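Residue numbers start from 1 in every chain, and the chains themselves are labelled A, B, ... in the order their sequence lines are given, proteins ahead of strands. Fair warning: this is a prediction, and the values are worked out from it, not measured in the lab.
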Amino acid sequence: MNEPLSLSQTGLLRAEDLLSADCSEVSREVFTSEALYRREQQRIFNRNWCYLAHESQLKNPGDFVTAYIGEVPIIVARGGDGKITASINSCPHRGLKVCRSDSGNTARFVCPYHTWTFKVTGELVGIPQEKKIGHAVDKSNLGLKQVPRLESMFGLIFGSLNADIEPLADYLGDMRFYMEAFFDRFPGGLEVVGPAHKWQLDCNWKLPVENMLGDIGHAPYLHGSLVSPQSEQAVEIEDYAVTAVPRPGHASALRLMPADTKAEDLCNDDPSSPPELKEFLTEVQKTMADRLSPVQARIKGMALGVYPNLSLLWGQSTLRVSHPRAPGQIEYWSWWLSPIEAPDHIKAMLRGKYNFPFGPAGMLEQEDSYAWSRQYQGSAISYLNDRPYYYGLGVGEESLHPELPGTIGRCYNEHYARSFYDRWRSDMFGEEQ
Amino acid sequence: MSHDYQLISDIEQFYYREARLLDERCFQQWLAIVDQSIEYSMPARHIPHPDPKAQDTEAYLSVERELDRADGGKGSPLRQDGYLQTFVRTFRPYKSTAWAESPAPRTRRSITNVELESVNDDEYHVRSNFFMYYSHEGKDNHTYSGGRKDVLKKVEGEFKLFKREVIIDWDIITVPSLALIF
Ligand code: FES
Ligand SMILES: [Fe+2]
């Protein structure tokens with residue numbers, strides 16, 4: 001038997017063995033290799049901008065919320081001076097987490113082990129043992145390590161462990177056009193409501209990300225029990241859907257509707273929505289020109305993703321982050337975003353668009369979770385290491401578009417994933433910066 | 001409150017039958033014991049920051065503080081279903097395209113700690129616990145545990161479910177899905 005050696009077994013990791021030049025072939029080991037996983041922490045999560053929190057979660061001085069950059073635990077907080085900071089949640093004395101809550105408001109964090117005490121923004125303010133020590137401890141270097149870069153856009157707070165990273169606006173590039181089309185839809189904006197919904201999945205972190213960058217092709221099939229391929233919605237998707245890649249790694253799946261589409265058809269996706277909800281969304285759509293460009297207003301979005309691991313489902317208004325925990329394990333965090341100015345009963349209806357199909361109790365989410373965990377099992381068959389996955393749907397058919405920024409592929413073109421793996425390859429194997 | 005043992009026993013029998021219907025995948029028969037006005041909810045559960053002012057009192061460890069309910073449109077529970085959503089949940093598993101449930105998971109529910117809290121007019125307020133073993137396709141085996149707060153009423157001599165709140169115990173949820181019926 002001539003079983004191909006796994007790359008991690010040989011210790012050799014070469015880009016050309018993992019991905020074909022155009023990324024239409026992706027090795028199974030991209031999902032399963034322990035060595036690649038470790039390198040991803042260094043070269044992807046420690047080097048890029050990662051989503052941390054939404055500004056609406058930090059309204060008042062002392063408010064904090066916990067987050068992760070990859071496997072690194074973070075506290076995002078609004079300090080007494082109103083400024084937002086991000087600290088790494090590990091005590092400089094022996095390493096315990098100084099904050100063990102998901103969110104709250106506090107003046108101090110107290111480390112359990114020896115009661116060293118920190119401000120919400122991470123400065124060390126108290127060492128109880130100090131009183132019986134001959135020399136004073138210089139506390140100025142013993143605060144929680146700060147996340148060196150922190151920037152916000154559309155209310156989304158991103159942090160980077162890479163002090164030299166380009167500004168967030170450049171990092172997003174034309175992705176801002178698509179993000180704006182979602183985040184500036186509602187007058188008064190959006191806010192995160194309630195805590196993160198968190199669950200563990202036995203899959204590689206990249207698969208949920210890839211799915212929400214533009215895997216339109218799975219929806220009427222994997223979710224066929226609720227979304228029929230013959231439904232009006234699915235037909236509209238086949239007619240108008242595109243995936244846009246403004247910069248490799250980021251992408252959005254959307255329908256660009258014709259200019260004469262009626263307002264009520266631009267904003268309503270679900271024929272079973274209550275009439276009141278349809279009316280509310282139609283009224284919002286009619287004022288869209290105040291906030292968005294005419295092309296942005298014609299976007300009927302489906303999903304978008306920001307490299308490396310932030311995703312958004314548009315009609316369901318849910319943000320999610322795929323946190324890596326092992327090659328075959330993630331912690332998936334998901335939040336509901338609500339229009340701030342919507343009346344309470346409309347908010348309740350909008351929430352149903354999130355938590356009935358998605359989240360840990362979601363009808364569609366369970367199918368995605370199932371597929372993602374089974375993909376990992378299939379990827380772990382080392383005998384098939386010579387049979388990479390096929391990512392070639394529509395290869396080469398993507399092109400520029402007269403109205404939309406970036407490279408645009410029609411409906412089932414998998415270029416959104418090819419360009420994600422292209423970006424992944426240059427992070428993983430490119431020159432060290 | 002004085003104990004009406006017959007009533008308590010009748011409620012227990014109702015729960016055992018309900019659990020059996022669900023374990024035997026008779027979701028359509030289960031739906032028949034659900035009233036059309038059903039409110040089926042599952043608060044999210046998180047870790048709030050401890051409130052130092054509440055120290056030394058039971059409020060310091062309050063379970064309620066960990067729960068995020070619908071609260072009109074102000075909360076983000078895991079589930080807030082009416083009859084339509086409940087109906088869809090019970091009919092979906094019988095489709096060949098219900099991929100997460102084909103092959104069908106095997107479940108075994110134990111219902112315990114049945115506590116008749118109060119009887120208000122025709123409403124029976126009942127708490128119970130569930131423990132469910134779940135096995136799916138190979139070795140995907142899990143245990144689910146939680147509490148339930150129900151409102152039952154008698155309709156034509158039979159109990160019907162009008163309201164259920166399911167309280168889960170995980171911080172990070174480690175089971176495949178909470179889209180099942182508990
Ligand atoms: S480990 Fe934090 S105070 Fe010692
Ligand atoms: Fe999906």
Seminar exercise, completed: Shortest non-hydrogen pair, A/A361 vs B/A179, comes out as O-CB, 3.5 Å
Exercise. Taking A/W336 for the side chain and B/P77 for the main chain, is one N or O donor matched with an acceptor at less than 3.5 Å?
Worked result: no
Exercise. Heavy-atom count around A/R108 CZ within 6.0 Å, excluding the residue itself: above 12?
Worked result: yes
Exercise. Is there side-chain contact between A/M363 and B/Q85, with at least one heavy-atom pair below 4.5 Å?
Worked result: no
For this session: Measure distances from A/Y354 to the heavy atoms of chain B and classify the residue's part below 4.5 Å as side chain, backbone, both or neither.
Result: side chain
Exercise. For the atom pair NE2 (A/H323) and CD1 (B/I172), what is the distance rounded to the nearest 0.5 Å?
Worked result: 9.5 Å
Exercise. Given the options B/Y94, B/W99, B/F91, which has more heavy-atom pairs under 4.5 Å with chain A than any of the others?
Worked result: B/W99
Exercise. More than 12 heavy atoms of other residues, nucleotides or ligands under 6.0 Å from NZ of B/K74: is that the case?
Worked result: yes
For this session: Check whether any side-chain heavy atom of A/R374 sits under 4.5 Å from a side-chain heavy atom of B/D140, and report yes or no.
Result: yes
Exercise. Measuring from A/Q366:CD to B/L178:CG, what's the distance to the nearest 0.5 Å?
Worked result: 10.0 Å
Problem set entry | Neighbour count >12 (heavy atoms, 6.0 Å) for atom OH, B/Y60 | yes
Exercise. When heavy-atom pairs shorter than 4.5 Å are enumerated against chain B, which of A/T106, A/N105, A/L201, A/T66 gives the highest number?
Worked result: A/T106
Exercise. Taking only heavy atoms into account, what residues of residues 342-353 of chain A are found under 4.5 Å from chain B?
Worked result: A/D344, A/K347, A/A348, A/R351
Exercise. Tell me, side chain or backbone of A/E331 under 4.5 Å from chain B's heavy atoms, or both, or neither?
Worked result: side chain
For this session: Could you look at A/F64 and say if it's the side chain, the backbone, both or neither that has a heavy atom under 4.5 Å from chain B?
Result: side chain
Problem set entry | Residues that A/E71 engages under salt bridge (charged side-chain N to carboxylate O under 4.0 Å, His left out), provided they are two or more places apart | A/R38
For this session: Give a yes or no on this: more than 12 heavy atoms of other residues, nucleotides or ligands lie within 6.0 Å of atom NZ of B/K154.
Result: yes
Problem set entry | Ring geometry between B/H49 and A/F109 (parallel below 30°, tilted from 30 to 60°, perpendicular above 60°) | perpendicular
Seminar exercise, completed: Of the listed B/P52, B/A44, B/P176, B/A70, the one with the largest count of heavy-atom pairs under 4.5 Å with chain A is B/A70
For this session: Sort A/D202 into side chain, backbone, both or neither according to what part of it lies under 4.5 angstrom from a heavy atom of chain B.
Result: neither
Exercise. Are there more than 12 heavy atoms of other residues, nucleotides or ligands under 6.0 Å from atom NZ of A/K119?
Worked result: no
Exercise. Using a cut-off of under 4.5 Å for heavy-atom pairs, which of A/G359, A/G194, A/S369 has the most such pairs with chain B?
Worked result: A/G194
Seminar exercise, completed: Interatomic distance, CG@B/D68 vs NE2@A/H197, rounded to 0.5 Å, equals 6.5 Å
Exercise. Shortest non-hydrogen contact from B/S76 to A/V193?
Worked result: CB-O, 3.3 Å
Exercise. Heavy-atom distance under 4.5 Å between the side chains of A/Q200 and B/W170, does that happen here?
Worked result: no
For this session: Find the one option among A/G104, A/S373, A/S101, A/C99 whose heavy-atom pairs under 4.5 Å with chain B are most numerous.
Result: A/S101
Problem set entry | More than 12 heavy atoms from other groups under 6.0 Å of CD on B/Q55 | yes
Exercise. With a 4.5 Å heavy-atom cut-off, do A/L226 and B/R92 have their side chains touching?
Worked result: yes
For this session: Evaluate the side-chain proximity of A/F356 to B/R89: yes if any heavy-atom separation is below 4.5 Å, no if none is.
Result: yes
